[in-house]
Amino acid sequence: MTRPATAPPGRATRAAWVLLAVLVLAQICYPLTTGPTRARLTVATVLLGYLLSVSHALFSRGPRTAVALVAVATGGGFAIEALGVATGFPFGSYDYSGQLGPKLAGVPLVIPLAWTWMAWPAWLVAVRLTGGGPAGVPGGAGRAVRRIALATVGLAAWDLFLDPQMVAEGHWVWRDATPALPGLPGIPVSNYLGWLLFAVLLAAALRPLAGPAVATTDRGDRPMLALYLWTYASSILAHAVFLDLPASAAWGAAGMAVTAVPLAVTLLRERRRPADRRPRPRVDVPA
């Protein structure tokens, strides 16, 4: 499968690693700050994550993929958040504070950027776990369903970390937070079900809109896989040790483990595989 001509792979990958390093630094600083400084750092972190994911999609797979990602994740994310604020569906009734910057239709503009930030690595993780490596084949309907399911869980499970953290910071508040998951008061179960609903719609729409380039992964996607694993490990540590949120540390650890743990095992096995047994890069021969 030939990808569209984009930026030189080495340069694009290095840029992604640099952006990831800056993002990691910003997240390390988060528990060391308080008040308005922490809120501004939250916004800056989301902007960095958004830039990382969208630029990686653009430079690794071309404009069609980047536009599809923005349309589905950013545009769709804003639409469903605006619907949620106005009607209470599908997340439940909630209101945003003014701490996250400008709003449109009651939704801070930074919120749909966060959807996009994590949607792209969650998709690539799902592709990687369903045999979409450099020597893989696109597969049939069964593989597509598994891929959508893993991408859905991979994105939605992140909210088991995100929502408790943001509610604790006062960035949004629920009008009716019952029933709630054990240990996570203040957030209704409907919120997590709403995330699952939107995540499955996002994952189902991304592949047909973005094209065949998103059906495989290669070495250039390693920064995004690293982003996903970093998000998993650092969130557990931050919630358990620095943010005094042990319940969300446990729930998030269990939820994201569905995708993060198999990904880590897969990558470790690849590193230990003898060089002569590793799949060779596919070469397209002109017809």
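We number each residue from 1, following the sequence as shown.
Looking at heavy atoms from C-beta onward, W117 lies in side-chain contact with L23 at the 4.5 angstrom threshold. Looking at W195 and L162, their side chains come closer than 4.5 Å, going by heavy atoms from C-beta outward. Using a 4.5 Å heavy-atom cutoff, the side chains of P188 and T178 are not in contact. A 4.5 Å side-chain heavy-atom check between F89 and S190 finds every atom pair outside the cut-off. Taking the side chain as every heavy atom from C-beta outward, V214 and V127 never approach each other to under 4.5 Å. Taking the side chain as every heavy atom from C-beta outward, P223 and D221 never approach each other to under 4.5 Å. Contact of the I236 side chain with the F161 side chain is registered, since non-hydrogen atoms from C-beta on lie closer than 4.5 Å. Side-chain contact between S248 and L184 is present, with at least one heavy-atom pair separated by less than 4.5 Å.
For the pair H239 and A249, the tightest heavy-atom approach, listed with the atom from each and the gap, is CB-CB, 3.7 Å. Taking each heavy atom of R207 and A215 in turn, the nearest pair found is NE-CB, 3.9 Å. When all heavy atoms are compared, the tightest approach of L245 to A168 is CD2-CB, 4.4 Å. Minimum heavy-atom separation, T216 to R61: O-NH2, 2.9 Å. Considering every non-hydrogen atom in both T259 and L150, the closest pair reads CG2-O, 3.5 Å. Here the closest heavy-atom approach between residue A122 and residue G154 is recorded as CB-C, 4.0 Å.
W158 and W115 have their aromatic ring centers separated by at least 6.0 angstrom.
Partners of Y192 according to the ring-ring contact (aromatic ring centres under 6.0 Å, His included) rule, which considers only residues two or more places apart in sequence or in another chain, do not exist here.
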Self-check item: From CA spacing to verdict: side chain to side chain contact (heavy atoms under 4.5 Å, CB included), N191, W172
Solution: CA-CA 12 Å; N191 171 66; W172 56 81; 5.9 Å; no
Exercise. Check step by step if side chain to side chain contact (heavy atoms under 4.5 Å, CB included) holds for M256 and L160.
Key: CA-CA 9 Å; M256 284 187 74; L160 292 166; over 6 Å; no
Practice problem: Please report the C-alpha distance between W120 and L52 in whole Å, then the side-chain angles of each, then the deciding distance to 0.1 Å, and finally whether the side chain to side chain contact (heavy atoms under 4.5 Å, CB included) criterion is met. | Solution: CA-CA 10 Å; W120 182 236; L52 173 58; over 6 Å; no
Quiz prompt | side chain to side chain contact (heavy atoms under 4.5 Å, CB included) between R38 and Y30, worked out | solution = CA-CA 6 Å; R38 179 176 283 189; Y30 178 89; 3.3 Å; yes
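Looking only at distances, a side-chain donor or acceptor of H56 sits under 3.5 Å from a matching main-chain atom of G220. Side chain of T13 to main chain of G10: no donor-acceptor pair is present (N/O by atom type, distance under 3.5 Å, no hydrogens or angles). Proximity of a side-chain donor or acceptor of Y228 to a complementary backbone N or O of L263 within less than 3.5 Å is not detected. Distance alone, capped at 3.5 Å, places no donor-acceptor pair between the Y94 side chain and the R175 backbone. Side-chain atoms of S235 do not come within 3.5 Å of backbone N or O of Y232 as any donor-acceptor pair. The main-chain N or O of L20 is never found under 3.5 Å from a side-chain atom of W230 such that the two would form a donor-acceptor pair.
Note: the hydrophobic cluster containing W251 does not contain F242 (ILVMFWY, side chain heavy atoms under 4.5 Å, direct or indirect links). Residue V145 is not grouped with residue V200 when hydrophobic side chains (ILVMFWY) are merged at heavy-atom distances under 4.5 angstrom, including chains of intermediate members. Cluster annotation: V70 and V72 are assigned to the same hydrophobic cluster (Ile/Leu/Val/Met/Phe/Trp/Tyr, side-chain heavy-atom contacts under 4.5 Å, transitive). Residues L83 and L197 are members of one and the same hydrophobic cluster, defined by side-chain heavy-atom contacts under 4.5 angstrom among Ile, Leu, Val, Met, Phe, Trp and Tyr.
Taking CZ of R40 as the reference point, atom CD of Q99 lies at 11.5 Å (rounded to 0.5 Å). One finds the CG atom of L237 at 9.5 Å from the CG atom of L243 (value rounded to the nearest 0.5 Å). Of the inter-residue distances, the one linking Q27 atom CD with T42 atom OG1 reads 10.0 Å to the nearest 0.5 angstrom. The line from CZ of F198 to OG1 of T152 is 10.5 Å long, rounded to the nearest 0.5 Å. Note that the CD1 atom of I80 and the CD1 atom of I111 stand 13.5 Å from one another [nearest 0.5 Å]. For the atom pair CG of L196 and CG of L201, the computed distance is 11.0 Å after rounding to the nearest 0.5 Å.
Within 6.0 Å of the CG atom in D95, the count of heavy atoms belonging to other residues, nucleotides or ligands exceeds 12. Around atom CZ of R269, no more than 12 heavy atoms belonging to other residues, nucleotides or ligands sit under 6.0 Å away.
A donor-acceptor contact closer than 3.5 angstrom links the side chains of R147 and T130. Side-chain atoms of Y50 and T74 form a donor-acceptor pair, as typed in the model, at a separation below 3.5 Å.
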